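Below is one structure; the comments refer to it alone.
Because the structure is a prediction, the values reported are computed rather than measured.
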Amino acid sequence: KALKARKTAEAPKESKAADGLADIDFGNYHALVIGINNYKNLPKLTTAINDAKGVAKVLKDEYGFKVTTLIDPDRLDIIDAFDELKETLTDEDNLLIYYAGHGWLDEDADRGYWLPGDAQSNRRGRWVSNATITDTLRGLSAKHVLVLADSCYSGTLTRAADVGTRKRKGDYWKKMASKWARVAITSGGLEPVADKGGGENSPFAKAFIDTLKDNGSVMDGTTLFSKMRRPVMVAAEQTPQYSDVRNAGHDGGDFLFVRKK
């Protein structure tokens with residue numbers, strides 16, 4: 001039993017060596033994690049803060065991310081955090097932005113919004129538009145950026161993801177690591193975030209956290225999405241979506257999650 005357990009624990013290391021990953025510089029990893037339950041003017045949510053804390057923990061403890069967590073931020077808090085990332089990140093950095101909170105899609109304008117803690121209904125002055133998010137992504141020096149939005153971000157989606165089988169050997173990882181990426185995974189719904197169905201977390205957050213915990217070595221955003229999609233669809237009436245972010249500087253790369261040794 002002890003020998004079997006040891007072999008299981010060492011398996012990820014063996015696959016890393018076999019895939020020639022030791023020579024690849026994946027860069028530094030940063031995350032901005034946002035969770036909003038306590039809205040001043042909108043219905044409160046119950047799991048968004050738990051989602052943010054759970055995501056921050058797995059990213060920090062198991063993947064070595066430097067994490068900034070915003071709990072119940074207002075619009076200025078979010079914009080200031082974006083500006084700080086713009087000032088500090090370089091092309092040796094990877095950035096993950098996770099948002100759990102209310103979202104809104106203006107179907108007439110085909111424009112999605114995140115609704116911060118101080119948002120008011122029918123007044124856009126305190127909303128964060130997907131144009132603001134896209135402008136931020138385009139202005140960042142970070143090579144790889146992945147947005148996970150457990151709300152509506154559908155206005156930015158341009159195509160369905162290619163979730164077919166691809167050989168992910170050393171050359172593939174090296175290629176993905178070198179190309180710029182601006183990609184988004186969304187929970188898929190046009191309604192405010194699904195707040196129940198994942199226990200203490202939303203179905204989207206639970207699927208994300210579980211997938212990260214199950215990964216033993218290196219995983220790209222496409223694989224992450226393919227593993228998350230089905231559990232979310234089973235737990236809630238949502239179909240997650242994955243795409244490059246329109247007009248944000250995407251150049252064919254993908255976000256890579258590298259498990260700590």
Side-chain angles (χ1 to χ4, degrees), residues 16 19-34 55 59 63-68 78-79 81-99 112 114 128-149 153-186 208 211-212 215 217-228 240-259:
K16 259 187 158 183
D19 280 348
L21 300 175
D23 299 332
I24 301 174
D25 181 4
F26 291 102
N28 310 307
Y29 281 82
H30 303 262
L32 174 63
V33 179
I34 302 166
V55 166
L59 291 176
Y63 288 84
F65 278 68
K66 181 181 178 183
V67 182
T68 299
I78 294 173
I79 300 301
F82 284 170
D83 287 345
E84 194 167 317
L85 292 168
K86 189 175 177 180
E87 291 162 5
T88 57
L89 297 186
T90 73
D91 63 3
E92 295 179 359
D93 292 311
N94 306 277
L95 173 65
L96 183 149
I97 300 174
Y98 190 95
Y99 173 78
W114 292 352
V128 178
S129 76
N130 59 25
T132 298
I133 297 161
T134 299
D135 287 348
T136 299
L137 301 190
R138 189 167 56 236
L140 289 169
S141 296
K143 185 170 283 185
H144 296 150
V145 184
L146 170 62
V147 177
L148 289 108
Y153 192 62
S154 300
T156 64
L157 297 178
T158 57
R159 59 175 176 79
D162 169 20
V163 291
T165 55
R166 289 189 272 180
K167 287 186 179 178
R168 288 169 169 78
K169 296 297 181 185
D171 286 350
Y172 171 82
W173 297 119
K174 192 170 283 190
K175 184 178 174 184
M176 288 298 106
S178 68
K179 289 192 167 201
W180 283 59
R182 297 289 186 271
V183 288
I185 299 177
T186 74
F208 180 46
T211 303
L212 288 184
N215 175 43
S217 181
V218 183
M219 175 174 60
D220 59 17
T222 306
T223 302
L224 170 73
F225 170 74
S226 68
K227 290 178 183 292
M228 285 177 60
Q241 295 173 305
Y242 178 72
S243 175
D244 56 282
V245 180
R246 186 193 303 162
N247 300 324
H250 181 72
D251 189 33
D254 204 347
F255 197 90
L256 304 176
F257 290 89
V258 185
R259 188 73 180 245

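- Salt bridge present: Arg138 and Asp135 bring a charged side-chain N and a carboxylate O closer than 4.0 Å.
- Not counting sequence neighbours, Ser141 has no partner by the side chain to side chain contact (heavy atoms under 4.5 Å, CB included) test.
- In terms of the side chain to side chain donor-acceptor pair (under 3.5 Å) criterion, Asp91 has no residue partners (sequence neighbours excluded).
- When every heavy atom of Leu59 is checked against every heavy atom of Ala31, the shortest pair comes out as CD1-CB, 3.8 Å.
- With sequence neighbours left out, the ring pair (Phe, Tyr, Trp, His ring centres under 6.0 Å) criterion links Tyr29 to Phe65, Phe255.
- Listed by first and then second residue, the salt bridge (Lys or Arg N to Asp or Glu O under 4.0 Å) pairs involving residues 177-186 amount to none (not counting sequence neighbours).
- Annotation: side chain to side chain donor-acceptor pair (under 3.5 Å) contacts of Thr68 (sequence neighbours excluded): none.
- Scored by the salt bridge (charged side-chain N to carboxylate O under 4.0 Å, His left out) test, Asp83 finds no partners at all (sequence neighbours excluded).
- Summarising the geometry of Ala181 relative to Gly253, their closest heavy-atom pair is CB-C, 3.5 Å, with the distance given to 0.1 Å.
- Counting only N and O atoms by type, the side chains of Thr223 and Ser226 include no donor and acceptor under 3.5 Å apart.
- Considering all non-hydrogen atoms of both residues, Gly221 and Ile185 come closest at O-CD1, 4.0 Å.
- Contact detail for His30 and Asp93: the closest heavy-atom pair is NE2-OD1, 3.0 Å.
- Looking at Asn94, its side chain does come within 3.5 Å of a backbone N or O of Phe26 through a donor-acceptor pair.
- Looking at Asn130, its side chain never comes within 3.5 Å of a backbone N or O of Ile133 through a donor-acceptor pair.
- Of all heavy-atom pairs spanning Leu32 and Leu95, the tightest one is N-CD1, 4.2 Å.
- Of all heavy-atom pairs spanning Asn215 and Arg259, the tightest one is O-NH1, 2.6 Å.
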